Student: 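Supplied in structure tokens, the structure appears directly below.
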Amino acid sequence: MIILKMVLSLLLLNKGTPLKRKQVRQDNLIIIKKSFKIMKIDSNHLFTIRAIIWVGMGFIMGFSCLSEEKEYLTVDFEIPITVSPVKEAYHIGDTIHVEVEFHKELTSFNQDFTYSFEDFNFFAWIRCTQLLDKTKDQPDQPGGLGGFNIVNTKGGLFPFSSAGAEMNYIFENDMYVMKTSLILRRPGIYSISFHTNNGAYNFEFQKQLDVPGKVVKIGNLVYKVNNGIGGNNHLIFENTINKWEEDPDKFGWNSLFSFKVVE
């Protein structure tokens with residue numbers, strides 16, 4: 001825009017009456033006649049204009065080359081979930097504690113990339129189902145949140161359906177924290193999976209991201225329950241259509257915790 005203004009300021013030296021378009025030389029002036037005005041350009045000015053145009057084009061081409069040198073990354077992050085006590089079978093009246101605690105700086109497990117999530121909205125949620133139908137997979141089972149009472153201590157779980165609940169963190173002292181308890185009140189086989197809303201958190205991520213020379217997108221933001229140990233996933237395979245050997249994304253099973261509730 002600046003270059004264009006400079007060129008126009010040199011071009012608009014004089015105005016005249018409308019004439020047909022043609023080009024003539026007169027007293028060392030190049031007269032460009034257009035349908036509605038005459039513009040007079042001195043030969044020395046013409047040389048200057050050409051130089052400005054060439055410099056501007058070089059600047060634009062150079063800037064384009066620099067833009068193409070940006071590094072494009074897709075990064076994956078992992079968030080720890082602690083479920084305790086770890087059992088396969090609980091009794092009615094028992095309490096399961098669910099806790100999240102992690103520092104704002106997360107390091108991608110698939111790239112050499114660390115990012116500080118400052119008061120970030122992870123759009124976290126859970127799906128809790130009761131495993132009743134062996135002809136359906138785990139997400140399509142009936143909602144199971146009615147099987148227990150939720151008691152939130154810090155942040156916590158806030159149901160929006162019979163199967164789904166928002167998982168809200170508290171951000172304090174550079175840490176994300178969530179503490180809640182599930183008081184079991186109905187027998188059955190239950191499965192809880194932990195999730196984030198990919199599209200939503202990527203919008204927040206891109207809005208806050210400021211990494212010079214890099215264009216970064218979150219590929220996966222996954223939860224790992226109890227470091228991937230004791231998730232009782234065999235209960236899913238025994239009571240749904242899901243089978244371990246049929247699922248190529250075995251890593252995803254680390255984000256679930258399944259259990260029985262008996263009398």
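Along the sequence shown, residues carry numbers from 1. Since the model is a prediction, treat every value here as computed from it, not as a measurement.
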Student: Given 3.5 Å as the limit, does a donor-acceptor pair link the side chain of Arg185 with the main chain of Gly146, or not?
Tutor: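 Such a contact is found between Arg185 side chain and Gly146 backbone.
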Student: I need the minimum non-hydrogen distance between Asp133 and Thr135, along with the two atoms involved.
Tutor: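 Where Asp133 meets Thr135 most closely, the heavy atoms are OD1-OG1, 2.6 Å.
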Student: By salt bridge (charged side-chain N to carboxylate O under 4.0 Å, His left out), which residues pair with Glu101, not counting sequence neighbours?
Tutor: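 Not a single residue meets the salt bridge (charged side-chain N to carboxylate O under 4.0 Å, His left out) criterion with Glu101.
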Student: Salt bridge (charged side-chain N to carboxylate O under 4.0 Å, His left out) with Glu118: which residues, sequence neighbours excluded?
Tutor: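 Checked Glu118 against salt bridge (charged side-chain N to carboxylate O under 4.0 Å, His left out); matches are Lys104.
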Student: Please give the remaining members of the hydrophobic cluster of Val151, linking ILVMFWY side chains under 4.5 Å, ordered by chain and number.
Tutor: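 Val151 clusters with Ile183.
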Student: Please check if the side chain of Asn254 supplies one atom and the backbone of Lys224 the other of a donor-acceptor pair under 3.5 Å.
Tutor: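 No; judged by distance alone, with no hydrogens or angles, the pair does not exist.
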Student: For the residue pair Cys128 and Tyr190, what are the closest heavy atoms and their distance?
Tutor: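 Nearest pair, atom of Cys128 first, then Tyr190: SG-CD2, 4.5 Å.
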Student: Parallel, tilted or perpendicular, judged at 30° and 60°: which one describes the rings of Phe122 and Phe120?
Tutor: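 If you compare the ring of Phe122 with that of Phe120, the planes turn out perpendicular.
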Student: Do Tyr176 side-chain atoms and Phe117 backbone N/O form a donor-acceptor pair below 3.5 Å?
Tutor: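 Confirmed, Tyr176 side chain pairs with Phe117 backbone.
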Student: State whether a side-chain donor-acceptor pair under 3.5 Å links Thr180 with Asn152.
Tutor: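 Side-chain D/A pair, Thr180 to Asn152: present.
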Student: If the condition is side-chain contact (heavy atoms from CB on, under 4.5 Å), which residues does Thr153 pass it with, not counting sequence neighbours?
Tutor: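 If we apply the side-chain contact (heavy atoms from CB on, under 4.5 Å) test to Thr153, skipping adjacent residues, the hits are Lys179.
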Student: Can you name the side chain to side chain donor-acceptor pair (under 3.5 Å) partners of His97, sequence neighbours left out?
Tutor: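 For His97 the side chain to side chain donor-acceptor pair (under 3.5 Å) partners, ignoring immediate neighbours, are Ser181.
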Student: If you look at every heavy atom in Ile218 and Thr74, which pair is closest and at what distance?
Tutor: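 Heavy-atom minimum between the residues: C-CG2, 4.4 Å.
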Student: Under the side-chain contact (heavy atoms from CB on, under 4.5 Å) rule, collect the residues that match up with Gln138, sequence neighbours excluded.
Tutor: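 Testing Gln138 for side-chain contact (heavy atoms from CB on, under 4.5 Å), a comparison that skips the adjacent residues, returns Thr129, Leu131, Ser191, Ser193, Ile236, Asn242, Leu256.
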Student: Could you go through residues 157-168 and list every donor-acceptor pair under 3.5 Å that involves a side-chain atom there, pairing it with any protein atom two or more places apart or in another chain?
Tutor:
residue, atom, partner, partner atom, Å
Ser161, OG, Ala163, N, 3.2
Ser161, OG, Gly164, N, 2.8

Student: Restricting to side chain to side chain donor-acceptor pair (under 3.5 Å), what partner residues turn up for Thr107, sequence neighbours left out?
Tutor: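 Only Thr114 meet the side chain to side chain donor-acceptor pair (under 3.5 Å) criterion with Thr107.
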Student: Among residues at least two apart in sequence or on other chains, which ones pass ring-ring contact (aromatic ring centres under 6.0 Å, His included) with Phe123?
Tutor: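 So Phe123 forms no ring-ring contact (aromatic ring centres under 6.0 Å, His included) with any residue.
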Student: Check for me whether the distance between the ring centres of Phe102 and Tyr169 falls short of 6.0 Å.
Tutor: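 Here the rings of Tyr169 and Phe102 have centres that are less than 6.0 Å from each other.
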Student: Classify the angle between the aromatic ring planes of Phe259 and Tyr90 as parallel (below 30°), tilted (30 to 60°) or perpendicular (above 60°).
Tutor: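 The rings of Phe259 and Tyr90 stand perpendicular, inter-plane angle above 60°.
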Student: Who pairs with Glu263 by side chain to side chain donor-acceptor pair (under 3.5 Å), at least two apart in sequence or on another chain?
Tutor: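 Glu263: no side chain to side chain donor-acceptor pair (under 3.5 Å) contacts found.
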Student: Of all residues at least two apart in sequence or in a different chain, which pass the ring-ring contact (aromatic ring centres under 6.0 Å, His included) check with His234?
Tutor: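 Per chain and number, His234 pairs via ring-ring contact (aromatic ring centres under 6.0 Å, His included) with no residue.
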Student: Sequence neighbours excluded, which residues qualify as ring-ring contact (aromatic ring centres under 6.0 Å, His included) partners of Phe194?
Tutor: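 None.
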